[in-house]
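A short write-up of the structure that comes next.
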Amino acid sequence: MRKNIAIFASGSGSNAEVIISFFKEHPLARVALVLSNKENAFVLNRAAQLNVPATIFNRATFYESHTVDEILEDYNIDFIVLAGFMWLFPERIISRYPNRILNIHPALLPKYGGKGMYGDRVHKAVLQAGEKYSGISIHFVNAEYDKGEMVFQEKCRLEENETPESLAEKVHRLEHFYYPRIIEKCITELE
Ligand code: GAR
């Protein structure tokens with residue numbers, strides 16, 4: 001039986017789109033559901049375009065009820081992927097999905113992670129610090145921001161005239177290539 005993946009995303013959803021397409025005809029798994037905490041997030045348009053059901057939830061529902069847990073159960077979700085999702089995951093859901101929730105971060109953790117570090121803020125901090133490299137980090141999710149077990153990292157070199165925009169583009173290119181493949185590997189390794 002193909003495993004069911006749920007993607008949580010708060011923004012544009014370029015990673016979500018690539019992952020949905022990667023698993024479209026995949027024998028191992030498919031993206032069964034997209035969940036967002038932002039009702040106007042562009043990821044919802046992408047999900048509609050690709051015929052993947054989507055649902056929206058708010059802070060109270062996520063942290064103080066079992067609504068999201070029940071949705072995950074209704075869709076028989078086996079594996080969770082965070083792709084530009086900005087809220088801390090509740091312990092309640094983490095414990096139901098041990099080593100089955102992956103996050104991607106647009107820098108080389110443990111540097112440039114933690115609360116409030118997302119998107120362009122990360123790239124600006126990397127450039128301000130004069131780093132020679134940045135990259136991507138893919139890790140399992142635990143109850144702290146960007147702290148779960150590291151699964152995969154890849155570097156990219158920064159140019160003299162690098163801007164937050166050009167760096168974001170480089171990082172997105174790495175993310176789009178590696179994230180679906182690392183998800184595939186982790187799902188293969190499920191018992
Ligand atoms: C990605 O670059 C991802 O690494 C980052 O948000 C972007 C979402 O892009 N995540 C974080 O910063 C998490 N702290 P997308 O919406 O185009 O996939």
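Read the numbers this way: they start at 1 and go in the same order the structure lists the ligands and their atoms. Nothing fancy with the numbering, it's 1 onward along the sequence. All values reported here derive from a predicted model rather than from experimental measurement.
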Which protein non-hydrogen atom lies closest to [atom], naming both residue and atom, and how far is it?
{"atom": "atom 17 (O) of ligand 1", "result": "Ser14 OG, 2.6 Å"}
{"atom": "atom 3 (C) of ligand 1", "result": "Glu175 OE2, 3.4 Å"}
{"atom": "atom 10 (N) of ligand 1", "result": "Ile104 O, 3.7 Å"}
{"atom": "atom 11 (C) of ligand 1", "result": "Pro106 CD, 3.6 Å"}

Does [Y] offer a backbone N or O that forms a donor-acceptor pair with the side chain of [X] under 3.5 Å?
{"X": "Arg30", "Y": "Lys3", "value": "no"}
{"X": "Ser36", "Y": "Ala9", "value": "yes"}
{"X": "Ser137", "Y": "Leu109", "value": "yes"}

So, is the end of the Arg181 side chain (NZ or CZ) under 6.0 Å from the ring centre of Phe177 and within 45° of the ring's axis?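 Yes - Arg181 lies over the ring of Phe177, closer than 6.0 Å to its centre and within 45° of its axis.
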
Please find out if less than 6.0 Å separates the ring center of Phe89 from that of Phe8.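 Ring centres of Phe8 and Phe89 closer than 6.0 Å.
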
Quick check: does Asn103 get an N/O under 3.5 Å from an N/O on ligand 1?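 N/O-N/O distance below 3.5 Å does not exist for this pair.
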
Specify whether Phe62 and Phe85 have parallel, tilted or perpendicular ring planes, treating 30° as the upper limit for parallel and 60° as the lower limit for perpendicular.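 Answer is perpendicular, since the angle exceeds 60°.
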
Residue portion contacting ligand 1 (non-hydrogen atoms closer than 4.0 Å) for Met117: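 Answer for Met117: backbone.
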
Let's go through Arg157 and Ser134 carefully: what are the C-alpha distance in whole Å and the side-chain angles of both, what is the deciding distance for side chain to side chain donor-acceptor pair (under 3.5 Å) to 0.1 Å, and is it a yes or a no? CA-CA 7 Å; Arg157 183 190 272 284; Ser134 190; over 6 Å; no

Of all the atoms in ligand 1, which lie at a distance below 4.0 Å from a heavy atom belonging to Ser12?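 In order of number, 16 (O), 17 (O).
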
Hey, which atoms in ligand 1 end up nearer than 4.0 Å to a heavy atom of Gly119?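 In order of number, 12 (O).
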
Contact check, Val171 vs ligand 1, heavy-atom distance below 4.0 Å: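 No, Val171 has no heavy atom closer than 4.0 Å to ligand 1.
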
Selection from Gly13, Gly11, Gly84 by shortest heavy-atom distance to atom 16 (O) of ligand 1: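 Looking at heavy atoms only, Gly13 sits closest to atom 16 (O) of ligand 1.
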
